[in-house]
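One structure below.
As a basis for the values below, the full set of heavy atoms in this structure was taken, side chains included, without hydrogen atoms, waters or symmetry mates. In what follows, chains are A, B, ... by sequence order, proteins preceding strands, each numbered from 1.
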Protein chains: 2
Amino acid sequence: MDENRLSKMFKALSNPNRLRLFEQIRQGGDEGAVPADARPSRGVGGCLLQHVIDALDVGAPTVSHHLKELVNAGLIETEKHGKQLRCRVAPAALGELARYFGGASGR
Amino acid sequence: MDENRLSKMFKALSNPNRLRLFEQIRQGGDEGAVPADARPSRGVGGCLLQHVIDALDVGAPTVSHHLKELVNAGLIETEKHGKQLRCRVAPAALGELARYFGGASGR
DNA sequence: TCGACAGTTCGACATTTATAAAACTGTCAG
DNA sequence: CTGACAGTTTTATAAATGTCGAACTGTCGA
């Protein structure tokens, strides 16, 4: 795997707030924050940015900025639904990283 | 796993030179750079800092600084042998990270 | 004891980063 | 169309980071 791509991913996760953002998205931060029937298409771990913003205590512009870096690093994918933005972890990225550390099939 | 500890690890790997340093150490950068019988106790992937410094194109002070951060993040362990410093990856850290991404037993 | 060598510590400096406030864009409901 | 809301862009700024050269420390061989 490319060194630059890797370090970009790590940089994206190197800031505590950004890491929290990542984790919120990963666990589909909606659960509990919103009644089940108000959650469109749950299941792949999608979550609305809106709720993440509430969960982290940084302003919306900052979250937007951080999210952009996560997307840019290939860790998160987003999809616009009307006014709202749905975010989910890019499964491929998780796999790459697990392999990098686990040495399972990488290296 | 603790968020702060994690982001510290990621920060340690977020700089391309530091990531290269980590990878050199991980693969026991000595192989080939030194005759086999001049390598004390190879096998656990130890490597002499000296050789790593040659491999990366940054000055010794910078490498020292970077190494300190890797050690501080718990990713690398060092051991002094006379004049030289032997470095190796902390196996536990690799496991933690693999688990974090692989979701195998973590989460 | 001296000189050479491995690595560290100490400033210094330019670059990057995290964050916020203000202003903007796009989408929906009425 | 208008107002409200979700998110983005812009601009500014304080703080952190990466890197270097110079000076320092500790260890070995002669």
When rounded to whole Å, the CG to P distance for the pair Asn72(B) and dT8(C) reads 13 Å

Cation-pi geometry met for Arg5(A) and Tyr100(A) (6.0 Å, 45°): no

Taking five pairs at each terminus, the helix from dT1(C)-dA30(D) to dG30(C)-dC1(D) shows an axis bend, to 10°, of 30°

Between Arg88(A) and Glu77(A), is there a donor-acceptor pair closer than 3.5 Å when you use the side chain of the first and the backbone of the second? no

In terms of the angle between their ring planes, are Phe101(A) and Phe10(A) parallel, tilted or perpendicular, with boundaries placed at 30° and 60°? tilted

Specify the separation, in whole Å, of atom NE2 of His81(B) and atom C1' of dC5(C). 18 Å

Are Val63(B) and Asn17(B) close enough that some pair of their side-chain heavy atoms sits under 4.5 Å apart? no

Could you tell me which non-hydrogen atom of Met9(A) sits nearest to which non-hydrogen atom of Ala93(A), and how far apart they are? CE-CB, 3.9 Å

Tell me whether Lys11(B) is salt-bridged to Glu69(B), with the criterion being a basic N under 4.0 Å from an acidic carboxylate O. no

Nucleotide by nucleotide, 5' to 3', does protein get under 4.0 Å of the base (B), only the sugar-phosphate (S), or neither (-) in nucleotides 13-18 of chain C, counting heavy atoms? ----SS

Which part of the nucleic acid, if any, lies within reach of Val58(A) when heavy atoms closer than 4.0 Å are counted: base, sugar-phosphate only, or nothing? sugar-phosphate

Salt-bridge test for Arg86(A) and Glu79(A): reply yes if a basic N is under 4.0 Å from a carboxylate O, no otherwise. no

Taking the side chain as every heavy atom from C-beta outward, state whether His66(B) and Leu70(B) have any atom pair closer than 4.5 Å. no

Using atom names, set out every protein N or O paired with an N or O of nucleotides 4-7 of chain D below 3.5 Å, distance rounded to 0.1 Å.
unit_1	atom_1	unit_2	atom_2	d
dA6(D)	OP1	Gln50(A)	NE2	2.6
dG7(D)	OP1	Leu85(A)	N	3.0
dG7(D)	OP2	Gln50(A)	N	3.0

Atom OG1 of Thr78(B) and atom CG of Leu85(B): how far apart are they, to the nearest 0.5 Å? 4.5 Å

Mind checking the CG-CG spacing from Leu13(B) to Leu6(A)? Nearest 0.5 Å is all I need. 9.0 Å

